[in-house]
2 protein chains.
Amino acid sequence: MAKASNTRQTILKKSFELIYQKGYQATSIDEIIATTQVTKGAFYYHFKTKDAMGIAIINEIVKPIMERTYITPLQTTLDPLAEIYTMTQSLLLENSFLKLEYGCPAGNLAQEMTPWNVEFSKALHQLITSWQTAIEESLLKALENGQIRKSVNAKQVAYFVISSYWGIRNFGKVYNSTHCYDDYLLELKSYLDTLK
Amino acid sequence: MAKASNTRQTILKKSFELIYQKGYQATSIDEIIATTQVTKGAFYYHFKTKDAMGIAIINEIVKPIMERTYITPLQTTLDPLAEIYTMTQSLLLENSFLKLEYGCPAGNLAQEMTPWNVEFSKALHQLITSWQTAIEESLLKALENGQIRKSVNAKQVAYFVISSYWGIRNFGKVYNSTHCYDDYLLELKSYLDTLK
DNA sequence: CAATCAACATACTAGTTAGTATGTTTTGGT
DNA sequence: ACCAAAACATACTAACTAGTATGTTGATTG
């Protein structure tokens, strides 16, 4: 039983890596089973289709990481604005799970699979909404605490922050250099300061 | 001769549409020739490979539109800050060439093809740099004219503006609604105002 | 008016794809 | 130790993929 669920985890983790690097459609099942040393029979025992595996990656790999790294810190911080900045900084420059040249896993999948795959769209919609909500609510708390201007619209800022993060990850891919992250982070700091 | 170059244009335009909607890898040559009514012989007479066609799309379809829509207006405006806003607004809400549910063509291609395809990376790098430079230079002009604060860093703002635009187009795809564009535009306006 | 070549058309191929059919092995409960 | 079911293994298939080989047109040009 432990061995079986281990096989499943191996498939999910390795598949995630391949998909994160090359995209969902460019990653074939043959390649997955070759790199994992798992046979096709085992693969299709654990996942009915490739798409079912893709959804499982979102829910069982990306989602838990996202909750731990993107959401919980925002819910527990006493200084949301500072947390948004340091979180972004660490996501761009320190997080060993994310790679400069491969962008943001959720952003990548969203762009590739939406809108033509309904199942993926739904799963990603949920994922992204949860992040957005976390930012929004942390900003509302900051508003209550008087840490930011009363004229600040939390929802708008949440959109703006996530959008800019997704976008700069795209820049990172295209330029294949962290230089753009430095410039971006400086501007993000300026922007966040204007909210005070 | 006019007929031949017409065939080429037909292939490029229809291919662009398909690729814009479904992505490069998900668009097969068989599908392209089926929808264009062009035969395989004709296709491969005009383009040596699929990748060659992809590069041609960037250079002959996307680039001219980008220059006309994204760059020239910035070079001729007297009020860069206002132009950046109205341009973004019209790209998101009015431009009939861009569709809510399909994101930004350049952004899509950048994400899908970078970093594993060097040729695409180069072509896209050029494309994006030209837009970024246009924003940057228009902001430098605004700086000279005293239209924005002296402490504003043009390069940083250019990164921030383009990033947020790419990102919000991703949101548009995921949410499949222009509502997020409204919130984004309000925040973009606020942000741009802080540069004055 | 014939020859030439650009511009297409058709039929094919070799490789890859997701998925299946049909097995064999391992594992846990009795 | 035995048996059923879970967990895996192997060999296959049908559809699709980019690309090619080998044609046929139809317009120019000497």
Side-chain angles (χ1 to χ4, degrees), chain A residues 1-58 60-61 108-109 112-113 116-121 123, chain B residues 1-58 60 109 112-113 116-121 123:
Chain A
M1 202 168 265
K3 206 174 185 181
S5 90
N6 192 49
T7 303
R8 187 188 157 91
Q9 275 305 108
T10 304
I11 295 171
L12 286 177
K13 280 187 182 168
K14 196 74 202 174
S15 298
F16 167 79
E17 272 178 51
L18 291 170
I19 290 169
Y20 177 36
Q21 289 171 32
K22 321 196 312 161
Y24 179 79
Q25 313 199 58
T27 303
S28 74
I29 291 175
D30 283 344
E31 194 181 352
I32 291 169
I33 64 174
T35 58
T36 51
Q37 307 265 52
V38 163
T39 63
K40 196 158 261 193
F43 181 95
Y44 278 98
Y45 173 77
H46 287 286
F47 305 102
K48 206 184 178 192
T49 63
K50 188 189 177 187
D51 279 9
M53 181 209 63
I55 304 291
I57 287 178
I58 296 176
E60 296 171 41
I61 303 285
N108 289 0
L109 280 173
E112 185 182 357
M113 308 309 281
W116 63 271
N117 188 307
V118 183
E119 279 188 290
F120 273 81
S121 297
Chain B
M1 203 169 263
K3 206 175 182 181
S5 90
N6 191 49
T7 302
R8 188 189 156 91
Q9 275 305 110
T10 304
I11 294 171
L12 286 177
K13 280 184 182 167
K14 196 74 203 174
S15 298
F16 167 79
E17 273 178 51
L18 290 170
I19 290 169
Y20 177 35
Q21 289 171 31
K22 322 196 311 159
Y24 179 79
Q25 313 198 59
T27 303
S28 74
I29 292 176
D30 283 344
E31 194 181 353
I32 291 169
I33 65 174
T35 57
T36 52
Q37 306 266 52
V38 163
T39 61
K40 196 157 261 195
F43 181 94
Y44 277 98
Y45 173 78
H46 287 286
F47 305 101
K48 207 184 177 192
T49 62
K50 187 189 177 186
D51 279 9
M53 183 210 61
I55 303 291
I57 287 179
I58 295 176
E60 296 171 42
L109 280 173
E112 184 181 358
M113 308 308 282
W116 63 272
N117 188 306
V118 183
E119 279 188 289
F120 273 82
S121 297

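Here is how names work: the chains are called A, B, and so on, in the same order as the sequence lines, proteins then strands, and each is numbered from 1.
Rounded to whole Å, the distance from CG on A:Asn6 to C1' on D:dC8 is 14 Å. Following rounding to the nearest Å, A:Lys40 (NZ) and D:dA11 (P) show an atom-to-atom distance of 13 Å. With rounding to whole Å, A:Gln37 atom CD is found 12 Å from D:dT10 atom P. Protein atom CD of B:Gln9 is 16 Å distant from nucleotide atom C1' of C:dA7, rounded to whole Å. To the nearest angstrom, P of D:dA7 lies 11 Å from CZ of A:Arg8.
For D:dA7, the OP1/OP2 oxygens have no side-chain nitrogen or oxygen of A:Thr7 closer than 4.0 Å.
For residues 44-52 of chain A, proximity to DNA chain D is found at A:Tyr45, A:His46, defined as any non-hydrogen atom under 4.0 angstrom from a strand atom. Residues from residues 12-34 of chain B that place a heavy atom under 4.0 Å from any atom of DNA chain D, listed by number: B:Thr27, B:Ser28, B:Ile29, B:Asp30.
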Q: Could you walk me through whether A:Ile19 and A:Asn108 pass side-chain contact (heavy atoms from CB on, under 4.5 Å), step by step?
A: CA-CA 9 Å; A:Ile19 290 169; A:Asn108 289 0; over 6 Å; no
Q) Between A:Gln21 and B:Trp116, is a side-chain contact (heavy atoms from CB on, under 4.5 Å) present by the stated rule, with each step listed? A) CA-CA 9 Å; A:Gln21 289 171 32; B:Trp116 63 272; over 6 Å; no
Q: Evaluate the criterion side-chain contact (heavy atoms from CB on, under 4.5 Å) for residue pair B:Met53 and B:Ile32; output intermediate values, then yes/no.
A: CA-CA 11 Å; B:Met53 183 210 61; B:Ile32 291 169; 4.0 Å; yes
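Residues A:Met113 and A:Glu119 fail the side-chain proximity criterion, which asks for heavy atoms closer than 4.5 Å.
Classification of the B:Phe16-B:Tyr20 ring pair by plane angle, with boundaries at 30° and 60°, yields parallel.
Within the structure, every pair that satisfies the salt bridge (charged side-chain N to carboxylate O under 4.0 Å, His left out) test and touches residues 38-54 of chain A, not counting sequence neighbours, is listed here: A:Asp30-A:Lys40.
Not a single donor-acceptor pair under 3.5 Å links the side chain of B:Glu112 to the backbone N or O of A:Gly23.
Annotation: the span from A:Glu17 atom CD to A:Ile57 atom CD1 amounts to 10.5 Å, rounded to 0.5 Å.
Nearest nucleotide to the side chain of B:Ala42, out of C:dT20, C:dA11, C:dA9: C:dA9.
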